[in-house]
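Contents: one structure, followed by commentary.
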Amino acid sequence: MDQTLLKVSGVSKHFGGFAALTDVSVAIAQGERFGLIGPNGSGKTTLINCVTGSLRNDAGSILFGGEDISRLPAWQRTRRGIARSFQIPRPFHSMSVLENLLVPLEYVGRGKLDEAYGILERIGLAAKADTRSNQLSQVELRKLELARAMAAHPKLLISDEAMAGLSGSEVEEVLQILLDLNATGITIIMIEHSMQAVMRFSQRVVCLDAGKIICEGTPTEIVGNSEVQKAYLGA
């Protein structure tokens, strides 16, 4: 039985004459912890935007659960189980943490208080349920982003720079949340500049550079790869 959840095959994306992605192919298994790394401008965000539907790939296909979703709008991909947290949280500042979570829950046809509290409990924000989001710390805002993504009951969660700018202890908090979520069966793609966090979290890592995959392997293989070292440190 095929355990592949997400299959990206020969995906390319151009912006005018600039090739942001060129013939990118990768398969991610159900329940996998997958790391996506690369220097700035390598194509990580473009690839994720193509997977989530924010952008349409120019060539290639994207299969999710065996279904070709390449031409589906973003909201339909969300309904099928693809969720994403963003590097820069954009909560509704006038709303409480609980109200911020009820919005996406209502969108996916749930909107139940008990479910919202359950998600906040899992993420570690239950004590802040009635706090306005503009009073949250940076790490609490990142947790709220993850909670909002969890409201869609994702099969695949894409964590986009959830640890950027956080302290060491805060990184540990978010990392543990992601590990706990993965332990429930959620497949997670982690995009991070913190190599230490990615290597600790991931079972497998892909490195992009100039829109192409230059290396794929275990964290140990990635760290020791000369092409990855060149991409980050320069030849």
Side-chain angles (χ1 to χ4, degrees), residues 31 33-37 40 44-45 48-49 51-52 54 74-75 77-78 81-202:
R33 300 193 307 271
F34 184 86
L36 181 61
I37 65 171
N40 288 333
K44 303 186 299 296
T45 299
I48 293 308
N49 284 341
V51 169
T52 59
S54 298
W75 68 270
R77 301 187 198 201
T78 299
I82 299 176
R84 174 185 185 177
S85 69
F86 290 87
Q87 177 182 355
I88 301 175
R90 293 186 177 91
F92 299 103
H93 293 297
S94 63
M95 292 184 178
S96 69
V97 168
L98 179 63
E99 290 168 337
N100 264 278
L101 190 52
L102 286 172
V103 171
L105 280 171
E106 186 68 31
Y107 174 76
V108 295
R110 297 185 177 92
K112 297 180 180 178
L113 278 174
D114 57 347
E115 182 168 358
Y117 277 113
I119 293 172
L120 293 178
E121 188 70 42
R122 291 172 67 185
I123 299 294
L125 279 180
K128 298 280 186 176
D130 296 324
T131 302
R132 282 175 55 153
S133 63
N134 61 359
Q135 298 174 348
L136 298 180
S137 67
Q138 271 301 310
V139 69
E140 289 167 345
L141 284 169
R142 301 301 171 82
K143 290 179 181 180
L144 179 55
E145 266 295 292
L146 289 173
R148 283 155 59 95
M150 290 304 299
H153 284 210
K155 299 173 184 176
L156 171 65
L157 173 63
I158 301 170
S159 173
D160 189 358
E161 300 283 356
M163 305 175 207
L166 301 183
S167 68
S169 62
E170 291 169 341
V171 166
E172 290 296 324
E173 286 184 58
V174 175
L175 188 59
Q176 190 58 55
I177 289 171
L178 292 174
L179 287 168
D180 290 345
L181 292 176
N182 175 253
T184 68
I186 299 172
T187 305
I188 297 180
I189 298 176
M190 176 187 283
I191 307 169
E192 280 293 338
H193 280 294
S194 171
M195 292 289 285
Q196 183 178 7
V198 173
M199 297 307 161
R200 285 182 55 197
F201 175 82
S202 306

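The shown structure was predicted, so the numbers you read here are calculated from the model rather than taken from an experiment. If you read the sequence from its start, that first residue is 1, and numbering goes on from there.
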Ignoring hydrogens, what is the shortest heavy-atom contact between [X] and [Y]? Give both atom names and the distance.
X: Leu105; Y: Ala151; value: CD2-O, 3.6 Å
X: Leu102; Y: Lys112; value: CD2-O, 4.1 Å
X: Pro154; Y: Ala83; value: CB-CB, 3.6 Å
X: Ala116; Y: Leu101; value: O-CD2, 3.3 Å
X: Ala162; Y: Val174; value: CB-CG1, 4.1 Å
X: Ala149; Y: Ser85; value: CB-N, 4.3 Å

Under 3.5 Å donor-acceptor, [X] side chain and [Y] backbone:
X: Asn100; Y: Phe92; value: yes
X: Glu192; Y: Ile37; value: no
X: Glu121; Y: Ala126; value: no

Once you round to the nearest 0.5 Å, how far does [atom1] of [X] lie from [atom2] of [Y]?
X: Phe201; Y: Asn182; atom1: CZ; atom2: CG; result: 5.5 Å
X: Glu99; Y: Asp130; atom1: CD; atom2: CG; result: 8.5 Å
X: Ser159; Y: Arg33; atom1: OG; atom2: CZ; result: 13.5 Å
X: Tyr117; Y: Leu98; atom1: OH; atom2: CG; result: 4.5 Å
X: Met190; Y: Leu178; atom1: CE; atom2: CG; result: 5.0 Å
X: Leu141; Y: Arg90; atom1: CG; atom2: CZ; result: 12.5 Å

Within-4.5 Å side-chain heavy-atom neighbours: [X] and [Y]:
X: Val51; Y: Ile189; result: no
X: Leu179; Y: Ile188; result: no
X: Met163; Y: Gln196; result: no
X: Met150; Y: Ile186; result: yes
X: Thr52; Y: Arg77; result: no

Check: Should the heavy atoms of other residues, nucleotides or ligands under 6.0 Å from CD of Gln135 be counted, would the total exceed 12?
Finding: yes
Next item on the list: Pick out which of Val97, Asn134, Leu144 makes a side chain to side chain contact (heavy atoms under 4.5 Å, CB included) with Pro91.
Entry: Leu144
Item checked: Reference residue Arg84; test side chain to side chain contact (heavy atoms under 4.5 Å, CB included); the match among Leu157, Asp160, Thr78 -> Asp160
Between [Y] and [X], does any NZ, NE, NH1 or NH2 come within less than 4.0 Å of an OD or OE carboxylate oxygen?
X: Arg122; Y: Asp180; result: no
X: Lys143; Y: Glu173; result: yes
X: Glu161; Y: Lys44; result: no

